[in-house]
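All values reported here derive from a predicted model rather than from experimental measurement. Counting convention: from 1, in listed order, for ligands and their atoms alike.
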Amino acid sequence: MEYKIGLIHGDGIGPEIVHEAKKVLDAVCKKYGHTLIYSTLLLGGASIEAYGVPLTNETVDHAKECDAVLMGSIGGDPETSPWYQLESSKRPEVGLLGIRKALNLFANLRPVYLYDELRAACPLREEIIGDGFDIMIMRELTGGLYFGEKKTTEVDAVRTAIDTLTYNEHEIRRIAKRGFDIAMKRRRKITSIDKANVLDSSRLWRAVVEEVAKYYPEVQLEHMLVDNCAMQMVKNPAQFDVILTENMFGDILSDEASILTGSIGMLPSASLNETKFGLYEPSHGSAPNIAGQNIANPIAAILSAAMMLRYSLDLDTEADAVENAVKKTLANGYRTVDIMSDGCRQTVTSKMGDLIVSYLVEGEHKNAK
Ligand code: IPM
Ligand code: MG
């Protein structure tokens, strides 16, 4: 089959990790007889450099013509990058939020899985890790505080800023349904996260999630307050299957969860709309401090490419092949610096991509221990 893939290389370490993900995609498609036709889209800092704005209509239209888009990361160092001298509506992150909204990518999936090989990189104690954990964070991505009315003003000569947290029942229902559908294919448990003891939007969230749950009697639903969830995540992560949550809580909880997998460099993500289309990106940022040094971990980008094969292109076997190749590479002791531990072999970004390709192509790598 032939597929159209948009590539957003992005800023910071983005181009390096997208390069590795593309290597792996090319290898898996060669192996299974598919053709990917790539085109490049500009977003964030790269778009500011070219057009003075972080997102253009051209990028949105172009993305709509693709079967899926794979992205690196966007943004620069706010202390030093000129992009952050621009008015707030023209900064790189606004481009990312803009494309999520323009393509209606309301469902953000962030799988938090501890590879057995990375137990040593997990900051939790052995007895807490137990048999490991496998969590799917379902983050609502186009509503809440990120997109509510905002303004910075002066009230009686006092600088005052306002952000608004708004959700309507349709927005809650569609992400909840998606969460329940995914839970049905997993261990059939949903923990819905809110702050219903304080926020109206959370009380509506809870009520609508309850309504949706009636259509999924086989799924066990529990509600948890977000502060408690932050604690439970490090106390007993294995209790979670699907975590369903709104935009801002999901942003924060997914960073917390990512470090449990050893490094945020391990955490992929898929952002989906009502169709098969998706934008796939690592959950980490652009890490400008290590850009261009060939030391970034490309695994989150490579696993995001695997999610793209699975969710947008329906290529489950090919996605499994990529994930297995990542697993074999880790099992054979190769690590980028962020997940390095005693007895392992430290590897640079490009080598990590090559190794994953070689395990994918050959099944077994010649240098395997
Ligand atoms: C993420 C990132 C973004 C977000 C930033 C870069 C705007 O942190 O994808 O988690 O907050 O959604
Ligand atoms: Mg984040």
Exercise. Any chance the side chains of Arg139 and Thr245 put a donor and an acceptor closer than 3.5 Å?
Worked result: no

Exercise. Between the side chains of Glu140 and Thr142, is a donor N or O closer than 3.5 angstrom to an acceptor N or O?
Worked result: yes

For this session: Decide salt bridge (Lys or Arg N to Asp or Glu O under 4.0 Å) for Asp26 and Lys23; before the verdict, give the C-alpha distance in whole Å, the side-chain angles of both, and the deciding distance to 0.1 Å.
Result: CA-CA 5 Å; Asp26 286 340; Lys23 262 188 205 168; over 6 Å; no

Has the side chain of [X] got a donor or acceptor atom that lies under 3.5 Å from a matching backbone atom of [Y]?
X	Y	value
Asp241	Ile190	no
Thr349	Ala296	yes
Lys150	Thr164	no
Thr191	Phe240	no

For this session: Please check if Val60 and Ile5 belong to a single hydrophobic cluster, counting links between Ile, Leu, Val, Met, Phe, Trp and Tyr side chain heavy atoms closer than 4.5 Å.
Result: no

For this session: Could you check atom 11 (O) of ligand 1 against the protein and tell me its nearest heavy-atom contact, residue, atom and distance included?
Result: Tyr146 OH, 2.6 Å

For this session: Identify the protein heavy atom lying closest to atom 2 (C) of ligand 1, giving its residue, its atom name and the separation to 0.1 Å.
Result: Asp251 OD1, 4.0 Å

For this session: Check if Arg110 has a non-hydrogen atom at a distance under 4.0 Å from any atom of ligand 1.
Result: yes

For this session: Please state whether Arg139 comes within less than 4.0 angstrom of ligand 1, counting heavy atoms only.
Result: yes

Exercise. Taking only heavy atoms of Arg100, which atoms of ligand 1 are found under 4.0 Å from at least one of them?
Worked result: 1 (C), 4 (C), 9 (O), 12 (O)

Exercise. Closer than 2.8 Å to the Mg ion (ligand 2), how many protein N/O/S atoms do you count?
Worked result: 1

